[in-house]
Amino acid sequence: MKVYLDILQGFNAQEFQQDLISWFEQEQRDLPWRVNKDPYRVWISEIMLQQTRVEAVKPYYKNFMEKFPTLTDLADAAEDEVLKAWEGLGYYSRARNLQAAVREVRDTYGGIVPNTPEEIGKLKGVGPYTKGAILSIAYDIPEPAVDGNVMRVMSRILSIWEDIAKPKTRQLFEDVIRQVISHDNPSYFNQGLMELGALICIPKNPSCLLCPVRQHCRAFHEGVQKELPVKSKAKEPKLVPIVAGVFRTPNGKYVVNKRPSTGLLANMWEFPNVEVKEGITNHKQQLMYHMKEQFDLHVEVGEYTLNIQHGFTHRTWDIFVFEGMVQQEVIETETLKVMSREEMEERTFSRSHQKIYEACTKK
DNA sequence: AATTCGTGGCC
DNA sequence: TGGCCAAGAAT
């Protein structure tokens, strides 16, 4: 905490609050979730706005409020109906967690959204940001609500050069906000910071000449507003070599398996494959060994066919594809099947394996 | 701490 | 056109 005292040295928090809040009173956008402070309505908006743009949320929010006007309506609704109302918004676990949390409020808190950090923070889908947003906006409680906007704005205002991509950095900004938040109007203070980040203090080419708090902004005075915030890029994806086998049975069908129900590409179908262990150069032999170990299948591996690269956020698969034949009858299980082309068309394969499929069935 | 989870808009 | 996101949370 001592470190932050240096950051706030000479910063006039009170004038900053006034300028920010006055601006928000004047310039705030007319948004459907700003008609009142109903905690339920605020809650829904905050969940929908997670990682989602305002313009995308608007129509969903309106529709959602017509279908589920009160907390009780949402709690009593069928889950399918809720998911249907969420269809197209993305991050669907938000909808499931939201309804579970709303039911928790109905059953445990008599239908009243709790107003303490401890209680509200326990609700499913309510993390540090959403907790502070509901408490401040709906209940006028001076809690930080630190999202990407707030970190960008405050890193410029106070010239903070910590990497905002690191999870730990959010804690620093929460501590800073606790020191400078308005206790008279925490709602407009928090919303003002986010609105400023959305309209003026935008990521690229911020409109500093229109900014209501530029006289408080250290980055502006130092001319480094475009250098902030510091946000490290995701590190270069690691190249992961993989050997995959397109094995056919004597009657022309294909051997495929289903991925585990958790983790990367959960439940998707694919051609049998294995990550190449470091130092192993004999791909053919490793694939044969994998088929024996994993599926107890003796296979004959033919010649190397093609190479495919497929990118994810943090890794790139470098797939070496071999074609081959199975030398015995395949015992099918839930996760290992022999399929014709027609049967495969009806299953879900990951993109990478669709590429393999197309390449190997073209001829 | 690192991964995963969706979608549409932007330059 | 393809990266880069945008009012994060769960695991």
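Lettering follows sequence order; numbering is per chain, from 1.
- Taking the centre of each ring, A:Phe247 and A:Tyr254 stay at or above the 6.0 Å mark.
- C:dA9 and B:dG8 have their P atoms separated by 22 Å, with the value rounded to a whole Å.
- Across all strands shown, A:Ile47 has no heavy atoms under 4.0 Å from either base or sugar-phosphate atoms.
- For the atom pair A:Gln17 CD and A:His183 NE2, the distance stands at 8.0 Å (nearest 0.5 Å).
- Annotation: the span from A:Phe322 atom CZ to A:Leu306 atom CG amounts to 10.5 Å, rounded to 0.5 Å.
- Under the ring pair (Phe, Tyr, Trp, His ring centres under 6.0 Å) criterion, A:Phe24 pairs with A:Tyr188, not counting sequence neighbours.
- Residue-environment remark: CD (A:Gln328) exceeds the threshold of 12 foreign heavy atoms within 6.0 Å.
- Residues from residues 181-188 of chain A placing a heavy atom under 4.0 Å of any atom in DNA chain C do not occur.
- Rounded to whole Å, atom P of B:dG8 lies 17 Å from atom NZ of A:Lys58.
- Here the separation of C:dA6 from B:dG6, taken at their C1' atoms, is 12 Å to the nearest Å.
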Heavy-atom protein contacts under 4.0 Å, nucleotides 5-11 of chain C, coded B base, S sugar-phosphate only, - none: BBBBSS-

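- The pair A:Asp76-A:Arg103 fails the salt-bridge criterion, with no side-chain N (NZ, NE, NH1 or NH2) lying under 4.0 Å from an Asp/Glu carboxylate O.
- Taking atom P in both C:dA7 and B:dC5, one finds a spacing of 22 Å when rounded to whole Å.
- The aromatic rings of A:Phe16 and A:His216 sit perpendicular to each other, their planes meeting at more than 60°, with 30° as the lower class boundary.
- Minimum heavy-atom separation, A:Tyr304 to A:Phe320: CE1-CD2, 3.8 Å.
- As rounded to whole Å, 10 Å separates atom P of B:dC11 from atom NZ of A:Lys204.
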